[in-house]
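The analysis underlying the following values was restricted to heavy atoms, covering all of them including side chains, and did not include hydrogens, waters or symmetry mates.
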Amino acid sequence: MTGRPAPAVLPSPLRTWLGLIAALAALVVVALGVLYAGHDEPGRVDRWVIQPTADSVRPPWRRVALATDFLGEPAGAAMLVVAAVAGCLLLRRPRAAVFIVVGAAMAVGTTKVLKPVVGRTIHDGHLSYPSGHTAFLTALALMVALLAAGRLGLGRTAGASLVLAAALVAGAAMGWAQIALGAHYPTDVLGGWCTTLAVIPATAWLVDRTADSRRREPS
């Protein structure tokens, strides 16, 4: 097939930087998973941050936490993904739309696979490590930031700053909500955040590689 190539979802100036971040994040996920495997209580770091086994916020902040938590629930997450995909299609970026769907699924799916493997639980025996809510919202923000960096033609420094800021803001917002509502330990939140940092760059590379390979196939 010929024609103008579709923009990559992983901007070339950020590939090396994000690859290093992904490798470090994966190490953190594994280290925390090994450290807290089979645990059913907060660790020393968790207790230092907050006692995370009971609700710790009251109105009006509790309503803010519940609203933020909704964004990671199936209905809220679906709304965000549909909105992001619609935006990509309106901008005629089908590859980006695929990236949004696959990236969100990979981030959340990875946490679902890791939870029974690690076996860490919070109150009432709920599997807690890593936080899927945190992974999802961080993933969506990270993917949108990557697409924005590519579309704006940002260099390594500006692009990395945008991507990191988006991941930090989204992860901190959802992480706070999960801890405040007693749904996760702080280290669960860190694990969810790092899961996304490890998974999304790899997913972006895979989407680009697959799309480019299909484009080179003879029609």
When clusters are formed by joining ILVMFWY residues with side-chain heavy atoms under 4.5 Å apart, either directly or through shared neighbours, do [X] and [Y] land in the same one?
X      : Y      : value
Leu14  : Ile100 : yes
Val98  : Trp205 : no
Leu80  : Val101 : yes
Tyr185 : Phe136 : no
Val189 : Val169 : no

Quiz item: Would Val163 and Leu146 satisfy side chain to side chain contact (heavy atoms under 4.5 Å, CB included), going step by step from the backbone distance to the final call?
Solution: CA-CA 6 Å; Val163 169; Leu146 278 173; 3.9 Å; yes
Closest approach of [X] to [Y] (non-hydrogen atoms, all atoms of both residues):
X      : Y      : result
Leu197 : Ala167 : CD2-CB, 4.3 Å
Ala26  : Ala198 : N-CB, 3.9 Å
Pro130 : Leu114 : CD-CB, 3.7 Å
Gly159 : Ala149 : CA-CB, 4.2 Å
Ala107 : Val199 : N-CG1, 4.0 Å
Ala8   : Arg95  : CA-NH1, 3.8 Å

Between atom [atom1] of [X] and atom [atom2] of [Y], what is the distance when rounded to the nearest 0.5 Å?
X      : Y      : atom1 : atom2 : result
Ser128 : His123 : OG    : NE2   : 9.0 Å
Ile200 : Thr195 : CD1   : OG1   : 10.5 Å
Leu71  : Met174 : CG    : CE    : 5.5 Å
Thr203 : Leu142 : OG1   : CG    : 10.0 Å
Ile122 : Leu127 : CD1   : CG    : 11.5 Å

Whether [X] side chain and [Y] backbone form a donor-acceptor pair below 3.5 Å:
X      : Y      : value
His184 : Gly192 : no
Trp193 : Ala170 : no
Arg47  : Pro42  : yes
Thr111 : Val108 : yes
Tyr129 : Val29  : yes
Arg15  : Leu10  : yes

Quiz prompt | Test side-chain hydrogen bond (donor to acceptor under 3.5 Å, both in side chains) applied to Asp46 and Thr187, step by step | solution = CA-CA 6 Å; Asp46 301 311; Thr187 43; 2.7 Å; yes
Self-check item: Thr157 and Trp17, any side-chain heavy atoms less than 4.5 Å apart
Solution: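 SC-SC contact between Trp17 and Thr157 ruled out.
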Quiz item: Do Pro7 and Arg151 touch side chain to side chain, with heavy atoms closer than 4.5 Å?
Solution: no
Exercise. Apply the test side chain to side chain contact (heavy atoms under 4.5 Å, CB included) to residues Arg62 and Leu181: give CA-CA distance (whole Å), side-chain angles for both, the deciding distance (0.1 Å), then the verdict.
Key: CA-CA 8 Å; Arg62 179 173 173 78; Leu181 294 173; 3.5 Å; yes
Quiz item: Would you find more than 12 non-hydrogen atoms of other residues, nucleotides or ligands less than 6.0 Å from Arg156 atom CZ?
Solution: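 Not buried by this count: 12 neighbours or fewer within 6.0 Å.
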Self-check item: Leu164 and Ile21: CA distance, side-chain angles, deciding distance, side chain to side chain contact (heavy atoms under 4.5 Å, CB included) verdict
Solution: CA-CA 10 Å; Leu164 182 59; Ile21 293 295; over 6 Å; no
Quiz item: With distance as the sole criterion, is a donor-acceptor pair present between the side chains of Thr121 and Asp40 under 3.5 Å?
Solution: no
Quiz prompt | Worked verdict on Asp188 versus Gln178 for side chain to side chain contact (heavy atoms under 4.5 Å, CB included) | solution = CA-CA 9 Å; Asp188 295 335; Gln178 297 306 298; over 6 Å; no
Quiz item: Which class fits the ring pair Trp61 and Trp176: parallel under 30°, tilted 30 to 60°, perpendicular over 60°?
Solution: perpendicular
